[in-house]
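In what follows, a single structure is set out as structure tokens and then discussed.
Hydrogens, waters and symmetry mates play no part in the numbers below; they use all other heavy atoms, side chains included.
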Amino acid sequence: MFDSISGKISSALRTLSGKGKISEKNISEAVEEIKDALLDADVNLRVVRRFVNSTMEEAMGEKVLKSVNPGQMFTKIVYDKMVALLTSESGNELNLKGKDTTSIILMMGLQGSGKTTASHKLAYKLKKEGRKVMLVAADLVRPAAVTQLELLGEKVDVPVFKIEGEKNPVKVAQAAVSKARHDLIDTVIIDTSGRMHLDETLMKEIKDISDAVRPDEKLFVADAMTGQQAVEIAKEFEEKVGITGVMLTKFDSDTRGGAALSLRSVVGKPIKFIGTGEKAEDLETFHPDRIASRILGMGDIVSLVEKAQEQYDQEEAEKLQKKMEKNTFDLQDYLEQLEKMNKMGSVDKLIEMIPGAKGNISEDDIDLKELEVEKAIIRSMTKFERANYRIIGPSRRKRIARGSGTSVAEVNRLLKKFEKSKLLLKKLAGNKKYQAALLKNLGM
């Protein structure tokens, strides 16, 4: 995500970062590069002007020009301005009631924006956070919309409320809220119908539902890849229905970032969530500081750690640490780590979060096919072979190669790689200075 804009802004910042002294001319040139990057990214023209003027005004002061490290000071100014551009005074968190009462979330947007998928992702996220959630099928226009929501709800084990044969979405929404209160469900997510374009019928229908159930959150769902079109449509929804926040879908495919960087300033509402993939878990809370860091090529170590924490609990981490220290880390452990890494997300997303990695490491540098081959080889081993790789002699290697559909050479390569990994892990686990140096390199 943000590949285009990130590369250009990072280049402008790198030009100044290595200089011990910079001039007004240096700053003007860097700001001009940033301006071009924002315009190329389809950021709203007024937003670009305000951002550039504000940055230029602060960067031209003595604070930067006479700083000990003016390049770093300029980078900090650009980062702070980017965070301010993305931050809303009302905050980016959902404003829901406590679990002793029912909160209502109304989802709205154009057809094709990914509203139904976004609804089930949000349901899954809130369920993981301990809320009791119900989805409501109030999209009675699009063929198979109700069926789609039912299938998605089933996948994440969230009930879906519908009324067979009902043509009025307002009645469906009202009945759903009534049932939720009766069943002590604390969160209701209403999926409404969209249209291929804005029209009065669509707006009236959504406003009628909103007036009838009085939702706590009215989330506008937009396709991030539509850029300024998404911003203009959001303005229409805000004026005619009122929105409390935005959810950007297909955020992982948005290389420009125009919608994300324009929405908060133009519409005056916060981006609350971003869709980063097709799976139910591919929904992230929007953190302005982390997104700004990614745009400027600084990585996002906090999100990376959070993703890791979702896969590892404290007890698991301590067991793994002890195995490394005692040099008892085996092939079964190695297999489990490969599988956990897969669950953390695609390689390109993980690389983007590592400070300094973007532009220096690419998905091509990591052979995903080789990792799949390694998993196949380990799965072809017996429990005893996984626990003690040293017993795997020539005959066992031939059997493992046949069972995994690989060659003996590939089995040999895995075992050599694993042996080296064990030595490295032992060194890391037993050397606090080494750990500190690694964490420092990661920006932690």
Side-chain angles (χ1 to χ4, degrees), residues 91-109 113-194 202 204-221 241-247 249 272-273 275 278-285 310:
N92 297 68
E93 299 291 329
L94 283 179
N95 296 308
L96 302 181
K97 304 186 187 90
K99 295 178 185 178
D100 56 342
T101 186
T102 301
S103 296
I104 302 164
I105 302 171
L106 184 65
M107 307 290 281
M108 52 190 175
S113 61
K115 190 163 32 60
T116 301
T117 305
S119 297
H120 108 281
K121 285 182 181 179
L122 182 56
Y124 178 72
K125 181 177 176 63
L126 294 175
K127 182 188 171 189
K128 274 176 62 182
E129 292 171 3
R131 297 191 76 94
K132 193 175 179 183
V133 189
M134 180 172 77
L135 285 160
V136 181
D139 180 353
L140 307 180
V141 174
R142 181 168 61 90
V146 175
T147 304
Q148 182 192 1
L149 191 65
E150 282 184 300
L151 290 171
L152 291 172
E154 193 177 317
K155 277 186 180 179
V156 295
D157 195 25
V158 170
V160 175
F161 181 89
K162 65 173 184 177
I163 301 178
E164 292 286 357
E166 180 57 67
K167 302 295 183 186
N168 187 342
V170 176
K171 289 183 179 179
V172 172
Q174 287 176 314
V177 171
S178 179
K179 179 170 175 54
R181 286 173 176 152
H182 179 270
D183 294 349
L184 303 180
I185 289 171
D186 58 60
T187 311
V188 173
I189 300 173
I190 304 172
D191 179 32
T192 62
S193 62
L202 166 64
K204 184 178 185 309
E205 180 181 294
I206 293 173
K207 191 170 188 317
D208 287 346
I209 295 173
S210 179
D211 291 343
V213 300
R214 300 177 68 185
D216 301 275
E217 286 279 1
K218 292 184 277 187
L219 298 182
F220 172 71
V221 182
V241 182
I243 63 177
T244 58
V246 177
M247 184 185 292
T249 61
K272 300 208 172 188
F273 297 101
E278 297 178 3
K279 299 176 185 174
E281 58 266 28
D282 292 334
L283 184 72
E284 296 180 16
T285 300
E310 286 176 11

Using residues 134-141 as the side-chain source, report each donor-acceptor pair under 3.5 Å to any protein atom, sequence neighbours left out, with the distance given to one decimal.
unit_1: D139; atom_1: OD1; unit_2: V141; atom_2: N; d: 3.2
unit_1: D139; atom_1: OD1; unit_2: R142; atom_2: N; d: 3.2

For E217, the side chain to side chain donor-acceptor pair (under 3.5 Å) test, sequence neighbours excluded, returns T244, K272

The test is side-chain contact (heavy atoms from CB on, under 4.5 Å); show your working for F273 and K125 and say whether it passes. CA-CA 11 Å; F273 297 101; K125 181 177 176 63; 3.5 Å; yes

Is it true that a side-chain atom of K115 and a backbone atom of D191 form a donor plus acceptor pair closer than 3.5 Å? no

Is there a donor-acceptor contact under 3.5 Å linking the side chains of E93 and T285? no

Mind listing the side-chain donor-acceptor pairs of residues 206-214 below 3.5 Å, one per line with the distance, residues two or more places apart or on another chain?
unit_1: K207; atom_1: NZ; unit_2: D211; atom_2: OD2; d: 3.2
unit_1: D208; atom_1: OD2; unit_2: K204; atom_2: NZ; d: 2.9

Quick one: CZ on F161 to CD1 on I190, what's the gap to the nearest 0.5 Å? 10.5 Å

Partners of K99 by side chain to side chain contact (heavy atoms under 4.5 Å, CB included), sequence neighbours excluded? R131, D186

Residues at least two apart in sequence or cross-chain that pass side chain to side chain contact (heavy atoms under 4.5 Å, CB included) with D183, listed by chain then number, are K179, I185

Side chain to side chain, V246 and L219, heavy atoms closer than 4.5 Å: no

K127: partners by salt bridge (charged side-chain N to carboxylate O under 4.0 Å, His left out), with sequence neighbours left out: D157

Under the side chain to side chain contact (heavy atoms under 4.5 Å, CB included) rule, collect the residues that match up with A118, sequence neighbours excluded. M107, V221, M247, T249

To the nearest 0.5 Å, tell me how far Q148 CD sits from L152 CG. 5.0 Å

Within the supplied structure, the quantity of interest is the number of heavy atoms (other residues, nucleotides, ligands) at a distance under 6.0 Å from E154 CD; does it exceed 12? no

Is the backbone N or O of K97 less than 3.5 Å from a side-chain atom of S103, with the two atoms forming a donor-acceptor pair by type? yes

Mind checking the CD-OH spacing from E129 to Y124? Nearest 0.5 Å is all I need. 11.5 Å

With sequence neighbours excluded, residues passing side chain to side chain donor-acceptor pair (under 3.5 Å) with T101: none

Return a table of donor-acceptor pairs under 3.5 angstrom between the side chains of residues 168-178 and protein atoms on other chains or two or more places apart.
unit_1: N168; atom_1: OD1; unit_2: V170; atom_2: N; d: 2.9

Evaluate side-chain contact (heavy atoms from CB on, under 4.5 Å) for L126 paired with L94, printing each intermediate quantity in order. CA-CA 10 Å; L126 294 175; L94 283 179; 4.1 Å; yes

I would like to know whether V188 and T102 meet side-chain contact (heavy atoms from CB on, under 4.5 Å); could you show each step before the answer? CA-CA 7 Å; V188 173; T102 301; 3.8 Å; yes

Working note: L283 + L122, criterion side-chain contact (heavy atoms from CB on, under 4.5 Å); need CA distance, chi angles, decisive distance, verdict. CA-CA 7 Å; L283 184 72; L122 182 56; 4.2 Å; yes

side-chain hydrogen bond (donor to acceptor under 3.5 Å, both in side chains), that's the test. Do E205 and T192 meet it? Break it down for me. CA-CA 9 Å; E205 180 181 294; T192 62; over 6 Å; no

Could you tell me which residues satisfy side chain to side chain contact (heavy atoms under 4.5 Å, CB included) with E164, sequence neighbours excluded, listed by chain and number? K162

Looking at D216 and N95, what are the two nearest heavy atoms and their distance? CB-O, 3.8 Å

For R181 and I104, which heavy atoms make the closest approach, and how far apart are they? NH2-CD1, 4.1 Å

